[in-house]
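Residues take their numbers from the sequence shown, with the count starting at 1.
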Amino acid sequence: MSGAFLAGLVAGYGVAIPVGAIAILILGLSARTSFRVGAAAALAVATADGLYAAVAAFGGAGLADVIAPVAGPLRVVAAVVLLGLAGHGLWRTWSAHRSQRPPTARAGRGMSTPGRAYAALLGLTLLNPMTVLYFTALVLGRRDTADSGVVPVTLFVAGVFLASASWQLVIAGGGTVVGRALTGPRGRLLTGLVSSALIAALAVAAVLPD
């Protein structure tokens, strides 16, 4: 049983640690708003990773055949959403800079509250079909995890969730530190522009041929 949990931890860190659009989004969100908002976004990503790990563990070998045909369209949808978020973040950053007000002045709109950030990041992360294919491959490579009952699978999923959550919370905390270090108007403008540019670039990279 402990082996299944450790396998989940390794799998969770494996999918969470590579820096991508979601990590940049959490980092920028924490820098512009607060740790509470960034932490909610981080837990949303961990929730999605845990759900996909559960689907992969219980779904078996047929899951990859179901996901593969729609992987391309889902990547396009995710890229469009990311470009929209990048544009919205750029607009809010520039508007706040022009008016000399922090972006958090419009609390309750966009992703400025923990609830909205959680919902937005959960939906966005679930649009990534590569995550479920990753976990499916791992589960198929460890038949002892999938074939030994509900408890080992549950421990595997718990390990994935805890690993993902811990890493995403570190990213959110880092964003908060950056935000506090760059509290002036120019600092907030810089973090907003860099965040939006990176998200846009990663969105474009998502639809380019591998």
Colleague: Taking all non-hydrogen atoms of both residues into account, name the closest pair between Ile171 and Leu27 and its distance.
Modeller: O-CD1, 3.4 Å

Colleague: What are the two closest heavy atoms between Ala41 and Leu121, and how far apart are they?
Modeller: CB-CG, 3.7 Å

Colleague: Would you say Leu122 and Tyr52 are hydrophobically clustered, going by side-chain heavy atoms of ILVMFWY under 4.5 Å?
Modeller: yes

Colleague: Taking distance alone, no hydrogens or angles, what donor-acceptor pairs closer than 3.5 Å link side-chain atoms of residues 157-166 to residues at least two apart or in another chain?
Modeller:
unit_1 : atom_1 : unit_2 : atom_2 : d
Ser164 : OG     : Asp49  : OD2    : 2.7
Ser166 : OG     : Tyr13  : OH     : 2.9
Ser166 : OG     : Leu162 : O      : 3.1
Ser166 : OG     : Ala163 : O      : 2.8

Colleague: Please confirm whether the backbone N or O of Ala172 pairs with a side-chain atom of Ser30, one donor and one acceptor, at under 3.5 Å?
Modeller: yes

Colleague: How many angstroms lie between atom OG1 of Thr176 and atom CG of Leu29, to the nearest 0.5 angstrom?
Modeller: 9.5 Å

Colleague: Got Thr47 and Tyr118 here, is their nearest side-chain heavy-atom distance under 4.5 Å?
Modeller: yes

Colleague: Taking atom CD1 of Ile26 and atom OG1 of Thr125, what is their separation to the nearest 0.5 Å?
Modeller: 7.0 Å

